[in-house]
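What follows is one structure encoded as structure tokens, with my remarks underneath.
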Amino acid sequence: MQNKQQSSNMMYKNGRGWLRPFYFIFLSRTILVLGFIFVIWQSWNNIKAQEELCQMTRESLEAIKAASIACKNVKEPVHVPLPTSARMCDAIGEYNEIGKSNDGPTIFAITPTFTRPVQKAELTRLSQTFLLVPNFHWIVIEDSEEKTPLVTNFLAESGLTYTHINAPTPTHYKLGKSDQVWKKPRGVEQRNAALRWIRNNLNESRNGVVYFADDDNTYSRHLFREMVKVKRVGVWPVGLVGGLMVEKPICDEATGKVTGFNAIWKPERPFPIDMAGFAINLQVILEKKEAYFAYDIQSGFQESEILKKVTFRDELEGLASGCTKVYVWHTRTQNPVLNTENIYKKKRGKASNTGIEV
């Protein structure tokens with residue numbers, strides 16, 4: 001009897017052992033099938049989500065077009081291309097790199113400024129562009145006896161690397177209220193103060209470019225991409241200056257060398273070019289220690305005064321696609337009309353900007 005029971009137990013165990021491989025095969029295949037179904041389901045959801053996103057984008061763009069057509073002030077509809085994934089990726093990549101430090105040269109931008117109603121507005125415009133430039137150092141020089149709270153606070157909140165200097169213009173060189181802007185040289189004391197700071201604080205081991213960025217100009221970030229290529233002195237076109245739509249160096253297409261200038265206003269200048277139209281390698285500024293701006297020179301010759309001390313015409317490097325692209329404009333913000341401000345003061349007994357910085 002005991003032998004029969006043992007024999008029965010052995011048969012049961014042998015049966016279970018025989019089924020075990022089939023059990024694992026069934027389980028593994030079931031898992032594979034479920035995983036495959038999950039992948040297909042997830043892919044289908046992703047496709048549906050992308051289709052919905054594209055549809056939303058199309059509907060938004062169509063709404064923009066419809067609104068533009070309906071608007072009486074718009075003669076033509078707004079044509080907005082549908083963004084492709086490649087363009088979106090390029091845009092995101094460029095955005096992620098904007099303003100980040102790299103191994104390139106530092107751009108030292110020298111900006112003279114003085115107190116006036118549009119001062120903060122113009123500095124704000126500049127700073128928004130400068131924030132997009134990697135390795136950027138802003139040297140702001142006030143034409144004042146002391147650093148003003150407005151500029152001090154503005155720079156502290158700008159998010160930029162900066163140096164703040166004050167250097168007042170001598171009284172006999174200051175413009176009177178009725179003087180034309182060309183009657184006396186402007187920015188001489190301030191630019192020279194910045195050059196002295198550079199020579200006193202930087203040395204030959206520093207890789208950089210020096211640029212004179214006046215606060216009444218408009219700058220594209222593309223200009224600074226060109227600027228980092230400067231080996232000694234680089235030049236490029238400037239829009240809306242010298243009575244022309246564009247004043248520019250003329251470059252030889254084969255060699256890229258500067259062969260002349262298209263300037264009409266005082267073309268006899270050694271370098272008929274605007275202050276915004278050139279940059280100088282930092283090593284050249286450190287090497288040519290005598291290179292400064294001057295007061296007692298003819299109006300319109302400030303650019304030539306500095307350039308003739310650091311280079312020759314045949315050494316100029318024509319940038320911005322052989323001087324065929326405009327990345328800076330001499331816009332000159334118009335002084336605001338503030339006649340009503342006087343009426344306000346008489347009625348209210350205080351200025352409209354009392355207690356608020358404009």
Do the side chains of Asp143 and Lys174 get close enough for a salt bridge, i.e. N-O under 4.0 angstrom?
yes
Look at the side-chain heavy atoms of Ile, Leu, Val, Met, Phe, Trp and Tyr, link any pair under 4.5 Å apart, and say whether Leu307 and Val210 land in one connected group.
yes
Is it true that Asp252 and Thr259 share a donor-acceptor pair across their side chains at a distance under 3.5 Å?
no
Salt bridge between Glu357 and Lys120, side-chain N to carboxylate O under 4.0 Å?
yes
Side chains of Asp216 and Val118: does their closest heavy-atom pair fall under 4.5 Å?
no
Step by step, work out the ring pair (Phe, Tyr, Trp, His ring centres under 6.0 Å) result for Phe293 and Phe212.
CA-CA 12 Å; Phe293 295 91; Phe212 300 99; 5.1 Å; yes
Is a side-chain donor-acceptor pair under 3.5 Å present for Tyr173 with Asp296?
yes
Please round to the nearest 0.5 Å and tell me the distance separating atom CG of Asp314 and atom CG of Leu316.
8.0 Å
Check whether any side-chain heavy atom of Leu240 lies under 4.5 Å from a side-chain heavy atom of Arg332, and answer yes or no.
no
Does Arg313 reach the main-chain N or O of Val258 with its side chain, forming a donor-acceptor pair under 3.5 Å?
no
Indicate yes or no for a side-chain donor-acceptor contact from Trp236 to the backbone of Ala276 under 3.5 Å, with no hydrogens or angles considered.
yes
Exceeds 12 heavy-atom contacts within 6.0 angstrom, atom CZ of Phe312:
no
Salt bridge (Lys or Arg N to Asp or Glu O under 4.0 Å) for Arg191 and Asp214? Distances and angles first, verdict last.
CA-CA 10 Å; Arg191 295 188 187 103; Asp214 289 350; 3.1 Å; yes
Is the number of heavy atoms from other residues, nucleotides or ligands within 6.0 Å of NZ (Lys231) greater than 12?
no
Glu268 CD: over 12 foreign heavy atoms closer than 6.0 Å:
yes
Nearest 0.5 Å, what's the OG1-CG distance between Thr169 and Leu175?
9.0 Å
Before you tell me yes or no, could you show the steps for Glu145 and Asn166 under side-chain contact (heavy atoms from CB on, under 4.5 Å), namely the whole-Å CA-CA distance, both residues' side-chain angles and the distance that decides it to 0.1 Å?
CA-CA 7 Å; Glu145 296 290 341; Asn166 64 294; 5.6 Å; no
Please check if any side-chain donor atom of Ser127 sits under 3.5 Å from a side-chain acceptor atom of Ser158, or the reverse.
no
Any chance you could measure Glu142, atom CD, to Gln119, atom CD, to the nearest 0.5 Å?
6.0 Å
Leu286 side, atom CG; Arg199 side, atom CZ - distance, nearest 0.5 Å:
7.5 Å
Kindly check if the number of other-residue, nucleotide or ligand heavy atoms within 6.0 Å of NZ (Lys325) is above 12?
no
Count the heavy atoms of every other residue, nucleotide or ligand shown that sit under 6.0 Å from CD1 of Ile356, and state whether that count exceeds 12.
no
Evaluate the ring planes of Trp138 and Phe154, with Trp represented by its six-membered ring, and classify them as parallel (under 30°), tilted (30 to 60°) or perpendicular (over 60°).
perpendicular
Which word best sums up how the rings of His137 and Trp197 line up, parallel for under 30°, tilted for 30 to 60°, or perpendicular for over 60°?
tilted
Run the numbers on Phe224 and Phe130 for side-chain contact (heavy atoms from CB on, under 4.5 Å), then give the verdict.
CA-CA 9 Å; Phe224 302 96; Phe130 294 164; 3.6 Å; yes
Can you list the steps and then say if Glu226 with His222 is a side-chain contact (heavy atoms from CB on, under 4.5 Å)?
CA-CA 7 Å; Glu226 295 297 308; His222 298 293; 5.9 Å; no
Is the distance from the ring center of Phe261 to that of Phe271 below 6.0 Å?
no
Pairwise distance CG(Asn335) to CZ(Arg116) - rounded to 0.5 angstrom
8.0 Å
What distance separates Asn203 CG from Gln283 CD, expressed to the nearest 0.5 Å?
8.5 Å
If the plane angle is over 60° it's perpendicular, under 30° parallel, otherwise tilted; pick one for Tyr211 and Tyr219.
perpendicular
Are more than 12 heavy atoms, taken from residues, nucleotides or ligands other than Asn200, located less than 6.0 Å from that residue's CG atom?
yes
Would Gln190 and Thr113 count as having a side-chain donor-acceptor pair, cut-off 3.5 Å?
no
